[in-house]
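These notes are about the structure you will find just below.
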Protein chains: 2
Amino acid sequence: MEPILEDLEQAEGLAALQAASEAIRNHYRIDHVVYHWVDSAGDQYGCGTYSDDWRDRYLEHNYLRIDPVILGCFQRFHPVDWKRLDWSSKPARTFQAEAIEHGVGNQGFSVPIRGPNGQFALFTVSHSCDDETWAEWTEAHRRDLILIAHTFNEKALDFEPDRAPEQSQSLSPREVDAMTFLAMGYSRAQVADTLSISEHTLRVYIESARFKLGAMNTTHAVARAMSRGLIVV
Amino acid sequence: MEPILEDLEQAEGLAALQAASEAIRNHYRIDHVVYHWVDSAGDQYGCGTYSDDWRDRYLEHNYLRIDPVILGCFQRFHPVDWKRLDWSSKPARTFQAEAIEHGVGNQGFSVPIRGPNGQFALFTVSHSCDDETWAEWTEAHRRDLILIAHTFNEKALDFEPDRAPEQSQSLSPREVDAMTFLAMGYSRAQVADTLSISEHTLRVYIESARFKLGAMNTTHAVARAMSRGLIVV
DNA sequence: TTTCCCCTCCCCAGAAATAGCGAGGGCGAG
DNA sequence: CTCGCCCTCGCTATTTCTGGGGAGGGGAAA
């Protein structure tokens with residue numbers, strides 16, 4: 001795998017990443033290699049070997065919200081085999097059937113990668129084969145895949161500087177307190193009481209936090225603070 | 001490095017991780033190897049080769065809040081050399097002087113690792129040597145360190161299942177829609193309009209979602225849905 | 001020293017969310 | 001065929017939040 005990783009490290013530009021996906025696919029003789037990025041604003045970016053057809057359909061139907069790979073990896077720390085995800089819900093099964101119809105393999109292995117400010121990326125390999133073959137293959141290349149995933153992500157960020165240092169406006173300590181307790185379900189009165197300040201003062205914090213975060217209301221502000229990693233609940 | 005990683009993969013129990021840190025240190029002939037975890041509640045956990053003295057001092061003074069390694073890596077995606085961090089602030093310099101006094105090397109390399117729910121871990125190696133030697137060393141072992149960091153984190157999570165996110169009750173599609181749009185800052189009226197349902201119906205979804213999530217109000221429900229990965233914003 | 005941000009407090013009116021009651025049809029599992 | 005869950009809609013009253021004002025002190029950086 002060494003030369004594959006070195007090639008990837010040398011890649012320049014997004015087109016090169018696309019080529020790298022294909023090189024990885026050919027090297028490992030698997031069906032698909034995909035890198036998928038989800039922004040804290042909900043924007044998506046991807047590159048890989050899926051058909052244009054499937055990619056367009058995925059975006060058009062906003063499958064992001066039902067794709068068990070995304071949903072499952074979003075809750076996980078570690079790389080995961082698709083078999084271990086939850087495919088039981090009806091939309092998930094429909095999605096799965098449709099994916100296979102569009103050439104996505106029945107087996108898959110995805111590496112979640114997280115960054116600051118709620119940035120989330122997924123590096124996936126997929127293939128059509130039986131369970132045993134797949135288990136052997138993933139076991140053999142697990143380490144490679146982790147390294148490739150991280151290198152891939154690093155490269156993708158290099159070429160899209162907008163995505164990386166999205167230096168979000170930071171919150172003052174009191175603003176963080178306010179957002180945190182609100183995210184914990186406290187009402188304004190309770191938060192004010194907890195922080196031993198007047199409710200009016202608290203409101204100023206909430207408002208300034210909302211302003212800094214470009215949020216339309218308190219719920220929005222809390223959601224943004226969370227997805228940017230400014231507060232942890 | 002292979003045997004080191006295999007040993008790590010075989011490790012059982014927290015004591016074994018402590019031993020693994022020391023094994024890694026000896027293998028690479030460096031001063032320190034440290035794994036540091038920051039919990040969603042602000043709790044910390046760590047293991048490694050720092051002296052008890054320094055570790056206690058770090059915890060006692062809550063250095064977490066001024067440590068440039070933590071602060072810097074928290075804003076970063078990729079592994080980073082300590083030289084590239086911001087040591088300019090006064091507390092940071094004080095901290096640095098104190099760290100070196102307690103045996104922490106003048107050089108360091110840290111791998112940030114993120115999980116769902118704002119979980120954050122850091123795997124660090126540190127050494128005392130000149131810049132050039134360190135640059136060569138990190139360049140040569142960069143890949144190893146990334147893999148070791150992830151394996152280390154995986155092991156640490158295995159032994160502390162509390163830390164892994166629990167599988168929570170799932171939301172119905174409409175509830176997910178409701179939570180998602182609310183997290184995007186829409187008011188109830190706007191969400192109802194967007195979903196083309198009456199505001200009252202929407203309210204039923206919000207309430208049932210709130211009930212399922214054990215949340216006290218809408219903001220709380222959205223926060224919980226986000227931190228459990230039930231919605232993606 | 002001035003400027004900027006942070007923290008703290010106050011009033012008021014209108015908009016929005018919450019809490020409680022109700023109703024009916026559809027669809028899948030047991 | 002129930003039972004439970006999901007989706008849809010109605011009303012009223014109360015509580016809470018939001019959006020405008022305004023004021024002063026402290027601390028850090030320039």
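Take R203(B) and apply the salt bridge (Lys or Arg N to Asp or Glu O under 4.0 Å) test, not counting sequence neighbours, and it matches E207(B). Under the rule for a side-chain contact (heavy atoms from CB on, under 4.5 Å), the partners of A189(B) that lie at least two apart in sequence or sit in another chain are S187(B), E199(B). A search for salt bridge (Lys or Arg N to Asp or Glu O under 4.0 Å) contacts involving E98(B) returns R57(B), not counting sequence neighbours. Checked against salt bridge (Lys or Arg N to Asp or Glu O under 4.0 Å), D193(B) has no partners two or more places apart in sequence or in another chain. Taking the side-chain contact (heavy atoms from CB on, under 4.5 Å) definition, one finds that E136(B) meets it with E132(B), sequence neighbours left out. Evaluation of the side-chain contact (heavy atoms from CB on, under 4.5 Å) rule for L195(B) yields R174(B), D177(B), F181(B), V191(B), I197(B), L202(B) as partners, not counting sequence neighbours. For D52(B), the salt bridge (Lys or Arg N to Asp or Glu O under 4.0 Å) partners are R55(B), not counting sequence neighbours.
Heavy atoms of S187(A) sit under 4.0 angstrom from primed sugar atoms or phosphate atoms, though from no base atom. T218(A) comes within 4.0 angstrom of sugar-phosphate atoms only, judged by non-hydrogen atoms across all strands, and of no base.
When rounded to the nearest whole Å, the span between CD of Q190(B) and C1' of dA16(C) equals 12 Å.
Bracketed by its first and final contacts, the part of DNA chain D lying under 4.0 Å from non-hydrogen atoms of chain B reaches from dC6(D) to dC11(D) in 5' to 3' order.
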A correct 5'-to-3' footprint of nucleotides 4-11 of chain C, with B, S and - meaning base, sugar-phosphate only and no protein heavy atom under 4.0 Å, is --SSBBBB

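Under the 3.5 Å distance criterion, the side-chain polar atoms of Q107(A) are matched with a main-chain donor or acceptor of C129(A).
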